[in-house]
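See structure below.
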Amino acid sequence: PYRQGMWRISSGPWESDSPLEDLIVRLLDQLDPSAAALRRLIDDRDLRADFFCGYAQRQFNSSWALSANTLRRIAALGASLGYDAYLEAD
């Protein structure tokens, strides 16, 4: 009956200098016990799943990267990875 909705989980407490990959891995670890059921739900219902990250950078040209293993885990869920970058000005 509803065309849109959202489930949301948190990576839990974090420090401002926590590597982004560590936070995403925490989320993936939470989802692991239900990964097969989630993938079936996403596929069967033609749902969209994503990991969205807001990235507050302190300087121009700062960057981050994810390992191939983390990207594989995201893809195995049928999810995408998106981010929005913000510049924190002092």
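Reckoned from all heavy atoms, side chains included, excluding hydrogens, waters and symmetry mates. Numbers here are sequence positions counted from 1.
Tracing side-chain contacts under 4.5 Å through hydrophobic residues (I, L, V, M, F, W, Y), one reaches Leu20 starting from Phe51; they form part of the same cluster.
Considering only residues two or more places apart in sequence or on other chains, Asp84 meets the side-chain contact (heavy atoms from CB on, under 4.5 Å) condition with Phe52, Tyr86. For Asp22, there are no salt bridge (Lys or Arg N to Asp or Glu O under 4.0 Å) partners two or more places apart in sequence or in a different chain. By the salt bridge (Lys or Arg N to Asp or Glu O under 4.0 Å) test, Asp50 pairs with no residue at all, sequence neighbours left out.
For residues 33-42, every residue pair satisfying the salt bridge (Lys or Arg N to Asp or Glu O under 4.0 Å) rule, not counting sequence neighbours, is listed here: Arg39-Asp43.
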Solution key, residues 66-82 side-chain donor-acceptor pairs under 3.5 Å, sequence neighbours excluded:
from	atom 1	to	atom 2	distance (Å)
Ser67	OG	Glu21	OE2	2.6
Ser67	OG	Thr70	N	3.2
Ser67	OG	Thr70	OG1	3.2
Thr70	OG1	Glu21	OE2	2.4
Arg73	NH1	Asp29	OD1	3.3
Arg73	NH2	Leu28	O	3.4
Arg73	NH2	Asp29	OD1	2.9
Arg73	NH2	Asp32	OD2	3.0

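Atom CZ of Arg8 sits about 11.0 Å away from atom CG of Leu27, to the nearest 0.5 Å.
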